[in-house]
Amino acid sequence: MTASSPAGAVSSATRERAVLAVYTVTIFTSALLLFSVQPLFTKMVLPRLGGSPAVWSVAMVFFQSLLLGGYAYAHALMMLKSRVLPVAIHLVLLAVAATFLPLSIASGFAEPPESGYAFWLLGLFAVSIGLPFFALAANNPLLQAWFVRTGHPDGLDPYFLYASSNIGSFLALLSYPLLLEPSLTLHAQNLWWAAGYGVLILLIAVCGYLMLRAPAMAVASTAATDAAPAPSWTQWGRWVFLAAVPSGLLIAVTAHISTDVAAAPLLWVLPLSLYLLTWVLVFQSRPLLSHDWMLAIQPFAIAGTVILLAVGGEQNLLLTLGGHQLCFFLIAMACHGELARTRPPARYLTGFYVALSFGGMVGGLFAGLLAPFTFSWVAEYPILLALAALCRPKWTPRRGAMRLWLIAMVAGLALIAFAGHLGKVEAFLETWRVWAIGAVAVVAALLAVAMRLNRFQFAALVALGLVLVRVYPLDEGRVETVRSFFGVHKIVVTPDEQYHVLMHGTTIHGAEKFKADDGTPLTGRPEPITYYHNDGGMGRAIAAVRARKDAPLRVAAIGLGAGTLACQAAPGEMWRFFEIDRTMVETARDPKYFTYVSSCMPQMEPVIGDARLTFAREPDGVYDLVIVDAYSSDAIPIHLATKEAMAIYKAKLAPNGVVMMHVSNRHLELASVAVGIADANGLMSWVFNEDSGRNGEYIFTTNVVASARVPEDVGALASDPLWERTAPRADVRVWTDDYSNVLGAVMRRLREGD
């Protein structure tokens, strides 16, 4: 007997290592599939809605909601007394979900409605990918609960497996734009994902087998040590709140940096990666970052965000982007660290995950669906910052904290009253605004840490600083915001009221001069400026095609913006505009904002909807000029820059017609993309990327590609030294509906500049 004991111990240790390895690999693989399917399927959907970054927010809401459903389903399964039934039911669910593979967009969702995009999208996701994602969503808590029932010694505290899950999610998120998108077509990605799903079913079957084969004595021992009392309803609510705030902040900070700082492509990847990284770090067996340190730093991260909101994003773009995301990371670490610190025993594991997913859904619904329809600006960001102050643990304030808090509150309120009394005194606003807001934020952070300020008092001081940011905004001049499903745009009236400027973040999408240099109002037909002035690439191309035809033009323009192109139309010409965002049409038509449309084309009736779909219904062989003006925005609609899209443009051209693509962009090099898709359709291209030499405010260099069947079609452009006849680049793969490489366009811009 004594001789066999060591052998039995070795056998048991080997089994334990095998069980741990199988469960870790399975949970990692499940998370890898769960988070790679999100960008994969969302990219399949993007062409239906013009590439709007808001699609990502709606997708996040959908995935968070279905994650809740999956966690609730796992919790219900583990309430069953049978050990066999949960395994059988889940394997059947996975098998049924596999019948939806490879993934595709369900029939009946070929074209979005004119309104209600968010709810249409939710329906599309639910019908097309709902069941496979639901089955995947249940795996993390379900497999952890099974692991507990294997009797493994680590089953007493299995939350370290949550870190493994989030490592898989983190790697999936980063690998998609860096590896999968540049190297594989959508079709190939879809097939590989379906194959991975099949492998996962086999791994989960093995996990179920290992759980069912667990020694009865080991399982009984685990259960006997897990008799802790159930968490209170207050504790459940606290978990929901702690999960909701970072989840909402994730969407809010992404909306802020892509709206008010820089609408750079792939920017959504960075906050989401940091969000997942916090889950990895806090649920490790031995956390790398002390939770006590995170709690001490969190108030200063909140204060730093308040100061960043006061400073704005134009002064130092990289510093501002990095600052917002670093502060978000620290705030999320403190919130998620509190969740990890207060996690319940393994007996309540699945219920705990239901609370986390419910909180994540609530935060996502607020920031992703409710806020865009409620606020005209990204108000959810400061609201969630103030709520983040409430995520701190309940501490007893040190003596004197109340007195100092009252002094800080009175000083802040006095500051608001004093500044309001002064009115818009430029010296005060320019010199003291950031200092005053910074002082309130820093004092709040110091009191929270040094005096262990009550979390409600800390939240009140943070809210006071945020009120100062809103009451005395950074923007010079008068600012109005217009928000829709497709983003937030600002109409800025310069301090001298000479210009009205349409902006998205720091990107200008159009401007109009309302007053002469001497301050007198301008009347008559407004002059096109910004990218659309007569001496720039777009103005020259329109003039050349008009001169070549020597007759009124028939023009299709995709993208309206401020309506500037309306004033490039000559008498007798037929111009038809295609615009996806109805709020942009209303803005361009309103003479209090811009007068291009009301002065030059008051009877204009634009076609509302995604241009890829609406323009395809136009008759063939009609237009002398097709202008694609959808790329000056930094969130580009990729589906309008593919070989198949160019085939549609070409089909609508008259025999001597020209396609002109405006590809000015600070973050992506798109001229080679336009040249490549034109060449793939048998068209030759000329590229304009020059400064016209014209001096003046709001006169910009433009990057324009004109494509035609033969040189004679572009008229004088063929011999204009500012236009360069350009062949497709061998190192740039042609973009198609099945392949695009946004990261490659970003890297070319970084390498080659303008």
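Source: prediction; values computed, not measured. Throughout, residue positions are numbered sequentially from 1 according to the sequence presented.
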query: Got a sec: does the NZ of K643 have more than 12 other heavy atoms crowding it under 6.0 Å?
result: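 Count not over threshold, so no.
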
A side-chain contact here means heavy atoms from C-beta on lying under 4.5 Å apart; do [X] and [Y] qualify?
X	Y	result
D624	V555	no
F594	T587	yes
F700	I508	yes
I648	R612	yes

- request: State, to 0.1 Å, how close N665 and L668 come at their nearest heavy-atom pair, and which atoms those are.
  value: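 Here N665 and L668 meet closest at OD1-N, 3.0 Å.
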
field: Heavy-atom pair of closest approach, residues V658 and A706
entry: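 Closest pair (atom of V658, atom of A706, distance): CG1-CB, 4.2 Å.
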
Do we see a donor-acceptor contact under 3.5 Å between the side chains of [X] and [Y]?
X	Y	answer
S685	T726	no
T736	E644	no
H662	S664	yes
D581	T583	yes

Please report whether the ring centroid of [Y] lies less than 6.0 Å from that of [X].
X	Y	value
Y649	Y623	no
Y698	Y499	yes
Y593	H500	no

message: For R749 and E669: C-alpha separation, side-chain torsions, deciding distance, then whether salt bridge (charged side-chain N to carboxylate O under 4.0 Å, His left out) applies.
response: CA-CA 5 Å; R749 172 62 73 218; E669 188 284 310; 5.9 Å; no

- prompt: What residues form a side chain to side chain contact (heavy atoms under 4.5 Å, CB included) with A570, not counting sequence neighbours?
  reply: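 In terms of side chain to side chain contact (heavy atoms under 4.5 Å, CB included), with neighbours along the sequence ignored, A570 is linked to R546, E573.
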
Measure the [atom1]-[atom2] distance between [X] and [Y] for me, rounded to the nearest 0.5 Å.
X	Y	atom1	atom2	answer
Y532	C567	OH	SG	12.5 Å
I558	F615	CD1	CZ	5.5 Å
H509	L560	NE2	CG	13.0 Å
N681	S707	CG	OG	9.5 Å
N656	K549	CG	NZ	9.5 Å
S672	D679	OG	CG	12.0 Å

- prompt: Taking N534 as the fixed residue, which of Q568, R540, E527 is the one that meets the side-chain hydrogen bond (donor to acceptor under 3.5 Å, both in side chains) rule?
  reply: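 Among the candidates, only Q568 passes.
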
task: Could you check F35 against Y176 for ring-ring contact (aromatic ring centres under 6.0 Å, His included), going step by step and ending with a plain yes or no?
output: CA-CA 9 Å; F35 268 79; Y176 188 83; over 10 Å; no

query: Do NZ/NE/NH1/NH2 and the carboxylate oxygens of R589 and E605 come within less than 4.0 Å?
result: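 Salt bridge: yes.
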
